[in-house]
2 protein chains.
Amino acid sequence: MHRGGVLAIGEFSRLTHLSVRTLRRYHDAGLLEPAIVDAASGYRYYTAEQIPTAQVIHRLRELDVPLPDVQRILRSPDPGARAALVADHLRRLEAELDRTRAAVVSLRRLLQPAQPPLDVELRAVPATTVAAVEDDVALDDVLAWYAGATAELDAAVDAPTGPPGGLYDNALFEDGRGHVLVHRPTAAPPRVGRVHPVTLPAVELAVTTHAGDHDDIAVTYGQLGSWVVANALAVAGPVRETYLVGPRDTTDPTTWRTEIGWPVFRVTDR
Amino acid sequence: MHRGGVLAIGEFSRLTHLSVRTLRRYHDAGLLEPAIVDAASGYRYYTAEQIPTAQVIHRLRELDVPLPDVQRILRSPDPGARAALVADHLRRLEAELDRTRAAVVSLRRLLQPAQPPLDVELRAVPATTVAAVEDDVALDDVLAWYAGATAELDAAVDAPTGPPGGLYDNALFEDGRGHVLVHRPTAAPPRVGRVHPVTLPAVELAVTTHAGDHDDIAVTYGQLGSWVVANALAVAGPVRETYLVGPRDTTDPTTWRTEIGWPVFRVTDR
DNA sequence: ATGCACCCTCCCCCCGGGGGAGGGTCCAGG
DNA sequence: CCTGGACCCTCCCCCGGGGGGAGGGTGCAT
């Protein structure tokens, strides 16, 4: 079992609290190579110096860092770069936590027995030319992208003639990636950096207003969807949000108001 | 595409932000049966009334509730029972969050360039008879089990002759389930409820002391493991912890002290 | 009647593990 | 030196909750 301070896989497992199976997997993945592999028998032998490495892997895995990322972290020799990669992951965990919190809020509202009825208005919107920033964005990156885009938009537009808005492609929610556009109406849309004029087509919108922060905005979306179907309409095109009152206006989330407009067309009943 | 307020799967997907694939999977799993399935074509048709259900599923999945549990929640008609099941899951999320926090603390300590050397003592411990509570426990349940067992132990032992301690089977960490024993030394161990006398065998222990709360105790375990190997010893039996200073003594975690003793035997060098 | 968007099923892949089969190795005791 | 048992090896299948893509049927407007 022992040859001069070298550990068989079972012993190493006991010392690191990683299962034998998992240690073998980490070997195959090139994450944690045994110090010695007996060529004849295939036996893996580890040294005590490998214990800290095994522990780092263990903790990273507890944080759900994917194995390739763990490898990248271990391979980066500079402690600074290593810390940066770890911090990067911690930010991702934080974002996930936010999503979890939002899901809990939504769920609470959904499970409430009495759902207040929704005020929905059918509104014909003419074609409008606005200053816009647009791109193909992954769902996970939408928030960060939105922050950058609005900042650029705000800097480029001097005299807005209305509140900012956004268009969100359905593919964003169905495939996790889609076209996103944020805009601000203004008399003469400039062309600066990513900001450029865009003419939004005329549409008929089913419009409702969501109150509060966006944690449970998906619930309002669902209710609007129900209304659309109940009124024999079908969805046609990217959803339009208008930020009537938002964090730019007040820090009190309960006063925030977001208008949700779903482009619709009348279904010829048959 | 439309037949009297009934939605094809694509339309329903757009309305609920669930992918078509996922909706089909939920159908197969019996989670969300379409209102109508065309017998000839196999086409699935949904109604607007199913949107809230789809949303509940979506939120639960965002909370990583397994599909069978989602089904259980949906099937429970009583809102109270439903809320209890959800609350149960939220507790599990909370526990996971604790583990994540601990992993971050451990990682921070592991990635610190300078590791202070560990004070380890080799100590021969004679056989002792103690009052104990023991059971086979899953790793996830250890904390809850420990709380119950110590409470029972404290109530049963009047005149302890030393601090409380615990024995943790290696299988607990390797297989996620193992034998756990908590004890308190006393002159005449009683036999009350789960509390009974146990004679702990004499062992040679490699002993070190962990300072602070247990978030990063795994790191100390690893360092002790390194020391054990470096001193040509091998692990033999369940680890022994002794809670010198703990939450029972003070609320300040920085003053807590846990003695970790790893049973060892000398390796005949060859 | 034709085009085309939509829908169907079926199979394989992803990740990070676990279970178990079937067989080789190490080593202490006799 | 032999034997038994603990230990180790590889290989294949399974899990959950999806995604990609092939190959083929349907619904409906023009």
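Chain letters run A, B, ... following the sequence lines, proteins first, then strands; residues in each count from 1.
- In this structure, His27(B) atom NE2 and dT9(C) atom C1' are separated by 13 Å, rounded to whole Å.
- Across every non-hydrogen atom of Arg59(A) and Ala218(B), the tightest pair is NH2-CB, 3.1 Å.
- Between Phe173(A) and His17(B), the ring-plane angle classifies as parallel under the 30° and 60° cut-offs.
- Comparing Asp28(A) and Tyr43(B) against DNA chain D, the residue whose closest nucleotide sits nearer the 5' end is Asp28(A).
- Nearest approach of Gln50(A) to Tyr45(A), heavy atoms of both residues: OE1-O, 4.4 Å.
- Side chains of Arg109(A) and Thr220(A): a donor on one and an acceptor on the other come within 3.5 Å.
- Looking at Asp216(A), Ile217(A), Asp215(A) one by one, the single match for side chain to side chain contact (heavy atoms under 4.5 Å, CB included) with Val219(A) turns out to be Asp216(A).
- Atom pair His17(B):NE2 and dG18(D):P shows a separation of 16 Å (rounding to whole Å applied).
- Listed by residue number, the members of residues 60-68 of chain B with any heavy atom below 4.0 angstrom from DNA chain D are Arg61(B), Pro66(B), Leu67(B).
- Looking at the side chain of Tyr26(B), the nearest of the listed nucleotides dG18(D), dT10(D), dG17(C) is dG18(D).
- Atom pair Ile57(A):CD1 and dG16(C):P shows a separation of 12 Å (rounding to whole Å applied).
- The side chain of Arg44(A) has dC9(D) as its nearest neighbour among dG17(C), dC9(D), dC11(C).
- Taking atom CZ of residue Arg24(B) and atom C1' of nucleotide dG21(D), one finds them 12 Å apart after rounding to whole Å.
- Here the C1' atom of nucleotide dC7(D) and the CZ atom of Phe12(A) are 17 Å apart, to the nearest Å.
- Judged by distance alone, with hydrogens and angles left aside, Arg21(B) brings a side-chain donor or acceptor within reach of the base of dG21(D), the pair sitting under 3.5 Å.
- When distances are taken from the side chain of Arg25(A) to each of dC8(D), dG16(C), dT9(C), the shortest belongs to dG16(C).
- Checking the phosphate oxygens (OP1, OP2) of dG19(D), a side-chain nitrogen or oxygen of Thr22(B) falls inside 4.0 Å.
- At least one side-chain heavy atom of Arg24(B) sits under 4.5 Å from a side-chain heavy atom of Arg44(B).
- The side chain of Ser41(B) approaches dT26(D) more closely than any other nucleotide in the set dG17(C), dT26(D), dC9(D).
- Leu23(B) places its CG atom 16 Å from the C1' atom of dT9(C), with the value rounded to the nearest Å.
- Atom CG of Asp38(B) is separated from atom C1' of dC8(C) by 11 Å (rounded to the nearest Å).
- Arg91(A) and Glu94(A) are not joined by a salt bridge, as no carboxylate oxygen comes within less than 4.0 angstrom of a charged side-chain nitrogen.
- The distance from atom CD of Glu11(A) to atom C1' of dC7(D) is 12 Å, rounded to the nearest whole Å.
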